[in-house]
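In what follows, chains carry the letters A, B, and so on, assigned in the order in which the sequence lines appear, proteins first and then strands, with residues in each chain numbered from 1. As the structure is a prediction and not an experimental result, all values here were calculated from the model.
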Amino acid sequence: MHSLIDFLLTYWVQLVCAVIIVAVLPLVAGYIVLMERKVMADMQARLGPMRVGPHGLLQPIADALKLLIKEDIIPDEADKAIFWVAPLISVTAGMLAMSTLAIGPWFQIADLNIGLLFIVGISALGIFGIVLGGWSSNSHYSLLGALRSAAQLVSYETAAGMAIVGALMLAGTLSTREIIATQNDYGVWFVFAAPVGFFIYVVASIAETNRAPFDLPEAESELVAGYMTEYSGFRWALYFLAEYTNMVVVASIATTLFLGGWLRPFAGTRAFNFLDFLPSVLLLGVAGYCFYRAPKQPVKIQKMVLAAVGAMIILVALILAAPLLAPAGSFVASMKAGLHGAFWFLLKVGLYIYLFMWLRFTFPRYRFDQLMRLGWQFLIPLSIVNVMGIGVALVLHRHFGWSHWTAFPLTTILTLAVAGLLAAAGEKQEKTHAIVGEEA
Amino acid sequence: MANDPEEKQPSASPKDEPSAVKSPAAAGEPASKPPAPPAAPAAKPPAPGGVPPAPAAKPPAAAVPPKPPAPPKEGPVALDNDLVKRYKQRFGDAIREAWIDRKQSILVVAREKLVEIATYSRDEEKFDWLSDLTAVDWPKREQRFDIVLNMYSMEKNERLRVKVYASADERVPSVQGVWATANWEEREVYDMFGVIFEGHPELKRILLPDEWQGYPLRKDYDILTQDTAWVRENLGIESGQ
Amino acid sequence: MADQRVPFATHADSTVLGADEIVLNMGPQHPSTHGVLRVKLRLDGEKVIGSECVIGYLHRGVEKIAEHRTYTQFAPYVDRMDYVAAVSNGLGYCEAVEKLLGAEAPLRARVIRTILTELQRIASHLFWLGTHALDIGALTPLFYCLREREEILKIFEKYCGARLTTHAFRIGGLQYEAYDEFEKDVERFCKPFDKRVDEYESLLTGNRIWVGRTKGIGILTAKEAIDYAASGPVIRASGVKWDIRKAMPYAAYDLYKFEIPTGKNGDTFDRYIVRMEEMRQSRLICLQAIENIPAGPIMGKVGKVLKPPPGEVYHAIEAPKGELGYYIVSDGTTQPYRVRIRPPSLINLEAFDKMIRGHLVADVVAIIGTLDIVLGEVDR
C-alpha cells in the first residue's frame, strides 16, 4: 500500500499524461478525420459533412457511436484469436509511441535518453497488427494488403531511419527534449540544416503510415480495403485509430527533429517576441469566424453550439495570452513555456498532417513496383548520402572551423546533385523496363 | 436474287408453309442447300442479269402489302457488283446468294467454307474489322439460323454482311481464329441460340449462368416453361404464375 | 493474326496452381470494376498471369424484349444499356429504324441531335475521367468532372425532362422543340469548357505518378486493336485514325469540322489523351452547331404505326465508347423480328485479357478504367 502511494506521488504527472493520451487520442483521431474530410471537401469544391452539429463539428462523435454499436463480424474461416488481437497490437503500438513525445516542455510521460529510438522501434511494431490482421482474415485481398504493408514498411523504415540519423548527428542526442534544446542552441531548426533529410523523412513517413500516394496496403480501388477488408465495426475503428495515431506520431517526430518542436519561430531573437501573441490572435480570429457563422446556422441548437465553440476558443486564447500580460515573475507568467510550447507543437503537427492530406488529394497512387523502386533506388541511397553529407559538414564546421553558413549549404547542394543523378538513373531504367511485368 | 421473295419469306414462313411464293422461282434453281428455301430461288447466281428485274417487279406485288409508300427504295435487291464477282470467282458455288438491302451488301455463303471466306475477306478484300457476329432465328425454315457476320473495311470504308445458314444440330465453323473478337460473340450466339461453333476454344455460356436451360433468343423459347420448371424444382409448388 | 489465348479455365482452377500462384476474384462487388464486372485473376505474387472476365450479372435480355415491343416502344429500353450515354444509344436506335423505314429526320432535328449527342459524349468522357482517375488513386478530379457533367445533365433535363435515361429522340426526328434558351445554355457550358479540360489535365497529364501509372500499361497495338475489333478511343489510341462520324457521317456530322485525335502507343496514357482531346473536339462541334440551327420541322414523315418493309439493316454510330451498332431485322410487322445491339463496351472489354497479362494487380483497375466500360451495355 505504502509503495503504491509512493509510486503515485512520484509518477502522478506521468499517469495523468498517460490517461489523457489514452482518453483523448481517439477523440483527436476523430477530429483529424473530420479535418481531413473538410480539407478534402474544400479541395473538391464541396462542403463535406454538414449535418451533425454546426458544419459537421459533431460528426466524429456520431461516427464513433455508430462504429461502437455496429455488428462485430468475424469471418468463419478466420483465425479468430489472431483476428481478435491484431487491431489491438496496432493501436497499442501507436499509443506507446506517444509516451516519449514531448508536447511542450510540460507534457511528456517519459523523457527517455533513447527517446527517438524507442519511438521508432515501438511504432514499427504496429506492422505486426497489420500483417497478422491481414493473414488471419483468410482473404486474398487482406493477405495481399498485409504483404504489401510489410514490404513497404521494411523499405521505408530504412530510409526514414537514415533521415533521422542525419538529424540526430546534428543533435547529438536521442532524447526528444534535448533535441529541441539543441535546435534552440543552434538558433536554427534542423529542417534548414538538413533539408534533404527532412524531405526524405516526409516521403518515408507518408509511406510508413500507409497514406496516399503510398496507401497501397489498403488501396481501395485495388484491394477493396487491403488488410482491413474483413474487419468491421469497432475492430475496424481500432485500425483506423492506429492509422491516425501513427500519423500524429510521425508528425510529432518530424516536428521534434526538424521543425524545432515546441519552439516558437525565431525563438532566440528578441525582435520577434511579438510572435508570442500570434497564438492568441490566431485563435481569436477563428473564434470571430465562429461567431460570424453562428447566426447563419439553420437550426437554433446549431447556432448555440457554434457560439459555444467560439466561446471555448476565446477562452483558450485568453489562457494563452494571460502569461504574456501577467507581471514578469508571477506564477501565471511562468506558465508561458508550457502553454505556448504545447500550442506551437500542436500547430506544427497540424500543419504537417495538413501536408499529408494535401498530398493525398492531389496525387494518384503509386504502383507497388514503383513504390519499391522509389524506396530502394532513390530514397535509401539518398538518405545514406545525406548522412555522409551532414557528417562532412559537421567535420568542416567543428574541426576546420568553417562557419555553419558555408558548410551546410555546400553539403546540401552536393547531396542534391546526387539526388539528381539518382533520379536521372531511375528515369533511364524506367524507360528500358517500360513494361513492368514483361518477362525477359 | 434473294431480294424480296427471300426477305419476305421469313416473315411469311412463320404464318404459312413456304411453298407458293418461292417454289416457282426455286423451280429453276437447285439450291445446293434447301436450308434457305427462300434464298434458294435466287441463290444460284448464274443468271444474275436476268433475275433482278423479276424481283424488282415482284416485290411491290407480293412483298409489300404492309407498307406501300416506301417500297421503291427499301427492301433487298440482287447484287452483282465487282466485289461479288471476285468472291464468286474465288469461291464459286460457295457464294450462295448476294443481295443489297438498304444499300448494304449481303452475301450468303456455304457454311463449310466460312473460315476460308472469312480469311479471304480479311486478307484480300481487307474486311479486316469484324464489327459484329450474331444470329437470327427463323424457326420455320429448315436451316433455322442465320449466322451473321458484319464486317467493315477501314481501307475501303465499306461494310459487308456475310451470312451462313445452319440448322439446330449443324455446327458452324468458328471464325475465332480469324478475328480474335469473334471469341465472345460466338459464345454469346451459343448462349442465346444454342449454335455450336466448331473449333472454338472454350464454348460456354457468357451472359447467362452456366446451368441455364434453353436458349432465350430462339423464337420458340418459352420463359413460362422455364419458370414453371424452376419453381417446381426449387420451391416445390406447381406453378409460380 | 488472331491471338491464340490459353483459355483461363483450363489452368485456372486451384488444383493446378503453381506453388506461388493464387486466384484472386475481383467483383462482382468491388469498388473499381465499374458495376458488376467480375474478373478472375490468376496471380503470381502480384503479377497477373491469366484472367477471365465473368459477365452477365446485369443481363436483362434487352434483345429479347425488343422482339415483343413495337419499334417505338422499344426506344426507351436502349437508354438503359449505356446509361452513362443514353442519348447516344437513342440516336443509334432511332437512326437505325429510320434507315430501315427509308425515312430521314429533317435537318433541324439532326442538328439538335448532334448537339445533344456531343454533349453526351462530353458527359460520358467526364464520368470516365473522374472514375478512371479515382481508380488510379486521384480522388479529386472526380468531383470536378461531376460538377461539369451536372451542367450537361441540366441541359438534358431542361430539354426533355430527364437527366440520365433521357429518351431524347424519336424515330423520325424529335418530339421536343429546343427550348428557348437552348443555344445559350449550350454556349454557356461550352465556352469555358476547354479551360476546364486544361484544368483536369494540369492535375494529371504532367503528374509523374499518373504518367508512371498509365504509360506502357495495357498496350494494344493497331493490329491487335483491329483483331479484337476494338473501337472508339481504344482503337484511335492505337493509332488507327477511324471515327464513324467522319467515315460514314450520320446525323449532321458532315456539316461540322473537327479533328480525330489519335495516339501512338495504344497504352493507357494515350487513351487518356485521346479522350481528353475528344472532349475539346466535341465542344467545338457543339459551338459550330449552335451558331446556326436551321429552322424547319423537327419530325420527319413517318407513320403513326411503324411498319418497316421486310429486310434488315446494320447501322452504327460513334458512341462515346466506340462503335455502337444496331442490326435490326424486320419481317414487315410492327415489331422488330430481331434486334442485335453491338455494344462497344463488351467488345472492347474482350481485349482486357490481352492487355492485362504480365501486369500487376494495380494495373487491372487502370485497364478496366481505360476501357471505359459500362456494365449495363456489356450485359444488356
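Smallest separation of non-hydrogen atoms from C/Tyr144 and A/Met43: OH-O, 2.6 Å. Residues C/Leu139 and A/Arg360 share a closest heavy-atom pair of CD1-NE, 3.9 Å. C/Asn207 and A/Thr362 get closest at one heavy-atom pair: ND2-O, 4.1 Å.
In this structure, chain A has no heavy atom under 4.5 Å from any part of C/Val364. With a 4.5 Å cut-off on non-hydrogen atoms, C/Arg147 touches chain A through its side chain but not through its backbone. Contact annotation for C/Asp267: neither backbone nor side-chain heavy atoms come within less than 4.5 Å of a heavy atom of chain A.
Heavy atoms of other residues, nucleotides or ligands lying less than 6.0 angstrom from CZ of A/Phe128 number 12 at most. For C/Lys264, the NZ atom counts as loosely surrounded, since its 6.0 Å shell holds 12 or fewer non-hydrogen atoms of other residues, nucleotides or ligands.
Here the options are C/Val211, C/Ile209, C/Thr214, the test is side-chain contact (heavy atoms from CB on, under 4.5 Å), and the partner is A/Pro364; only C/Ile209 passes.
For the pair C/Met26 and A/Tyr141, the minimum side-chain heavy-atom distance is below 4.5 Å. C/Ile217 places a side-chain heavy atom less than 4.5 Å from the side chain of A/Arg367.
If you take CZ on C/Arg208 and CZ on A/Phe363, they are separated by 10.5 Å, rounding to the nearest 0.5 Å. Here CG of C/Asp135 is found 9.0 Å from CZ of A/Arg365. Values are rounded to the nearest 0.5 Å.
Not one N or O on the side chain of A/His140 forms a donor-acceptor pair closer than 3.5 Å with the backbone of C/Asn25. Of the possible donor and acceptor atoms, one in the side chain of C/Thr140 sits under 3.5 Å from a partner among the backbone N and O of A/Phe361.
For residues 198-207 of chain A, heavy-atom neighbours of chain C at less than 4.5 Å comprise no residues at all.
For C/Leu142, the side chain to side chain contact (heavy atoms under 4.5 Å, CB included) criterion is met by C/Thr131, C/Leu134, C/Leu146, not counting sequence neighbours.
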